Asker: 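Here you go, one structure.
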Amino acid sequence: MRRADTTRLPYPCATLKELAVSPDQTLAFETDCHIFDGCGFPAPGLHSFTFEPIATIGGFELNKPILLALLGTVVVMVFFWAAFGKAKIVPGKLQLIGEAGYDFVRRGVVYEALGKKEGDKYVPLMVSLFFFIWMMNLWSVVPIAQFPVTSIIAFPAGLAAIVYILWVSLTFKKHGFVGGWKNITGYDKSLGPVLPLVMLLETFSNLLIRPFTHAVRLFANMFAGHILLLIFTIASWYLLNGVGIAYASVSFVMVILLTVFELFIQALQAYVFVLLACTYIQGALAEHH
């Protein structure tokens with residue numbers, strides 16, 4: 001067993017796990033080895049999402065994703081504190097940016113889904129979710145960090161659980177115990193003989209499928225995007241040898257294009273997550289027919 005050396009990787013989180021190799025096998029990420037040098041291509045995989053603990057605090061292990069999540073939380077909090085801590089009638093540049101982001105979520109997402117009257121009370125939560133998720137996604141293209149925290153399923157699952165608990169509690173608070181179950185199961189006596197089947201499907205969909213897809217949609221997009229970036233970034237380094245340089249340049253162009261595309265996807269996924277959360281809340285508050 002040999003520990004992979006990632007110090008020469010242009011995308012340093014590519015390998016963070018010990019890999020088993022034969023004594024005569026040379027891995028590209030362990031030396032200055034490239035294609036045509038008898039090296040194997042260090043293809044990224046699940047090991048690219050495994051990190052050794054940086055420190056242990058009170059029995060809890062602190063690794064890179066957790067550190068980035070904590071740092072991201074601080075970044076978002078400091079940004080809004082700096083933008084609105086001493087708000088002025090004539091906003092400065094930072095306040096103007098903060099107001100634009102806040103207003104986008106409030107008017108473009110919450111009000112559109114819930115209306116102004118019902119939506120105002122949920123604006124702080126949705127703004128927090130949007131910017132937290134966006135920041136967690138953005139770490140993927142930040143130098144040194146280079147890892148999207150939301151590509152670890154635990155983080156999207158935790159956020160989806162918050163929305164799920166809120167949705168269920170609002171459903172029963174709004175409609176009562178019997179009405180809440182009618183809302184969840186899609187009870188409608190006009191459906192006649194197919195009503196039991198519809199109720200079974202709706203219950204399964206709302207209580208199990210909904211939170212699962214809410215979390216996996218965010219996780220899968222960030223996971224796949226990170227893998228693609230790793231493949232082309234590592235390939236750019238690996239192909240830097242002889243005629244492979246021509247291919248390395250093409251691979252590097254792909255890195256740039258994918259990075260730009262990821263910037264769009266990162267914001268889009270934060271938007272979709274919050275939009276779905278608002279849609280679920282709207283369903284909980286809607287009158288049952």
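One is the number of the first residue; the rest follow in order along the sequence. If you're wondering where the values come from, they're calculated on a predicted model, not measured in any experiment.
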Asker: How many angstroms lie between atom CZ of F261 and atom CG of L229, to the nearest 0.5 angstrom?
Answerer: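 Going from CZ on F261 over to CG on L229, the span is 11.0 Å.
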Asker: D188 vs V198, test: side chain to side chain contact (heavy atoms under 4.5 Å, CB included). Steps then yes/no.
Answerer: CA-CA 9 Å; D188 185 350; V198 170; over 6 Å; no
Asker: Please report the interatomic distance CE(M254) to CD1(I231), rounded to the nearest 0.5 Å.
Answerer: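 The CD1 atom of I231 is 10.5 Å from CE of M254, to the nearest 0.5 Å.
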Asker: Say whether F80 and L71 are linked into one hydrophobic cluster, either directly or through other cluster members, by side-chain heavy-atom distances under 4.5 angstrom.
Answerer: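 Cluster IDs for F80 and L71 match.
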Asker: Test side chain to side chain contact (heavy atoms under 4.5 Å, CB included) on Y280 and N206 and set out the steps.
Answerer: CA-CA 10 Å; Y280 298 156; N206 288 331; over 6 Å; no
Asker: Using a 4.5 Å cut-off on heavy atoms from C-beta on, say whether the side chain of I133 contacts that of F155.
Answerer: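 No, their side chains stay 4.5 Å or more apart.
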Asker: Looking at L201, is its backbone amide N or carbonyl O close enough to the side chain of S205 to form a donor-acceptor pair, meaning the two atoms are under 3.5 Å apart?
Answerer: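 Not at all, since once roles are kept as given, no pair shorter than 3.5 Å links the two residues.
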Asker: Might you point out which heavy atoms bring S140 and H226 nearest each other, and give the distance in Å?
Answerer: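 So the two residues come closest at OG-ND1, 4.4 Å.
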Asker: Would T150 and Q269 satisfy side chain to side chain contact (heavy atoms under 4.5 Å, CB included), going step by step from the backbone distance to the final call?
Answerer: CA-CA 10 Å; T150 46; Q269 288 305 311; over 6 Å; no
Asker: In this structure, are over 12 heavy atoms from other groups packed under 6.0 Å from F79 atom CZ?
Answerer: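 Atom CZ in F79 is packed in, count exceeds 12.
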Asker: Hey, what do you get for CZ (F51) to CZ (F147), rounding to the nearest 0.5 Å?
Answerer: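 Rounded to the nearest 0.5 Å, the CZ-CZ separation comes to 4.0 Å.
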Asker: Going only through I, L, V, M, F, W and Y residues with side-chain contacts under 4.5 Å, is there a path from V149 to L268?
Answerer: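 Shared cluster, yes.
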Asker: Treating T213 as the side-chain partner and R210 as the backbone partner, does any N or O pair qualify as donor plus acceptor under 3.5 Å?
Answerer: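 Between the backbone of R210 and the side chain of T213 there is a qualifying donor-acceptor contact (under 3.5 Å).
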Asker: If you group Ile, Leu, Val, Met, Phe, Trp and Tyr by side-chain heavy-atom gaps below 4.5 Å, do I162 and I209 land in one group?
Answerer: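 No, no single cluster joins them.
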Asker: Report yes if the side chains of K174 and N183 come closer than 4.5 Å at any heavy-atom pair, otherwise no.
Answerer: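 No, every pair of side-chain atoms sits at 4.5 Å or beyond.
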Asker: Would you say that N221 contacts V272 through its side chain, given a criterion of any heavy-atom pair below 4.5 Å between the two side chains?
Answerer: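 Contact flag for N221/V272 side chains = no.
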Asker: Measure the OH-CZ distance between Y164 and F212 for me, rounded to the nearest 0.5 Å.
Answerer: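 One finds 14.0 Å between OH of Y164 and CZ of F212.
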Asker: How far does OG of S236 sit from CZ of F232, to the nearest 0.5 angstrom?
Answerer: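 Here the rounded value is 8.5 Å.
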Asker: With a 6.0 Å cut-off on the ring centroids, do F223 and F49 count as close?
Answerer: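 Yes: the rings meet the under 6.0 Å criterion.
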Asker: Checking side chain to side chain contact (heavy atoms under 4.5 Å, CB included) for the pair Y111/V123: CA distance, chi angles, key distance, verdict?
Answerer: CA-CA 9 Å; Y111 284 3; V123 169; 4.3 Å; yes
Asker: Could you check whether any side-chain heavy atom of L138 comes within less than 4.5 Å of a side-chain heavy atom of M135, counting everything from C-beta outward?
Answerer: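 Side-chain contact under 4.5 Å: yes.
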Asker: Do you know which two heavy atoms are closest between L228 and L258, and how far apart they sit?
Answerer: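 That would be O-CD1, 3.9 Å.
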Asker: Parallel, tilted or perpendicular for F104 and Y271, by the 30°/60° rule?
Answerer: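 Tilted: the ring planes of F104 and Y271 meet at 30° to 60°.
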Asker: Hey, does the side chain of D103 reach the backbone of E99 with a donor-acceptor pair shorter than 3.5 angstrom?
Answerer: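 No, because the side chain of D103 does not come within donor-acceptor range (under 3.5 Å) of the backbone of E99.
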Asker: To check you understand the geometry: which heavy-atom pair defines the closest contact between F131 and V105, and what is its length?
Answerer: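 Smallest interatomic distance, heavy atoms only, reads CE1-CG2, 4.3 Å.
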Asker: Can you confirm whether F132 sits close enough to L159 that some side-chain heavy atom of one is under 4.5 Å from a side-chain heavy atom of the other?
Answerer: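 Touching, per the 4.5 Å side-chain cut-off.
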Asker: Going by heavy atoms in the side chains, are F41 and I35 under 4.5 Å from each other?
Answerer: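 Side chain of F41 against side chain of I35, heavy atoms only: no contact under 4.5 Å found.
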Asker: With a 4.5 Å heavy-atom cut-off, do I66 and L70 have their side chains touching?
Answerer: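 Heavy-atom side-chain distance check passes, below 4.5 Å.
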Asker: Please say yes or no: joined through hydrophobic side-chain contacts below 4.5 Å, possibly via intermediate residues, are I256 and W237 part of one cluster?
Answerer: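 No, I256 and W237 fall in different hydrophobic clusters.
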Asker: I need the minimum non-hydrogen distance between W139 and A145, along with the two atoms involved.
Answerer: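 Scanning both residues, the minimum pair turns out to be CE3-CB, 3.6 Å.
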Asker: Hey, any chance F264 and W134 share a hydrophobic cluster, counting ILVMFWY side chains that come within less than 4.5 Å of each other, even indirectly?
Answerer: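 Per the 4.5 Å side-chain linkage, F264 and W134 are co-clustered.
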Asker: Is a side-chain N or O of H214 found less than 3.5 angstrom from the main chain of F273, in a donor-acceptor match?
Answerer: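 It does hold such a pair.
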Asker: Taking the side chain from Q282 and the backbone from A113, do they hold a donor-acceptor pair closer than 3.5 Å?
Answerer: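 No, the answer is negative, given that no donor and acceptor are paired below the 3.5 Å cut-off.
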Asker: Just by distance, do the side chain of E118 and the backbone of L285 share a donor-acceptor pair under 3.5 Å?
Answerer: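 A pair under 3.5 Å: no.
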Asker: If we only count heavy atoms from C-beta on, is the I265 to M222 side-chain gap below 4.5 Å?
Answerer: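 When only atoms from C-beta onward are counted, M222 and I265 do touch, with a gap below 4.5 Å.
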Asker: Would you say the side-chain atoms of T203 pair up with the backbone N or O of M199, donor to acceptor, closer than 3.5 Å?
Answerer: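 Present.
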Asker: Heavy atoms only: give me the nearest L46-T50 pair and the separation to one decimal.
Answerer: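 It is O-OG1, 3.4 Å.
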Asker: To the nearest 0.5 angstrom, please state how far the OG1 atom of T233 sits from the CD atom of Q146.
Answerer: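 Rounded to the nearest 0.5 Å, the OG1-CD separation comes out at 7.5 Å.
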Asker: Which heavy atom of V109 sits nearest a heavy atom of C278, and at what distance?
Answerer: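 It is CG1-SG, 4.0 Å.
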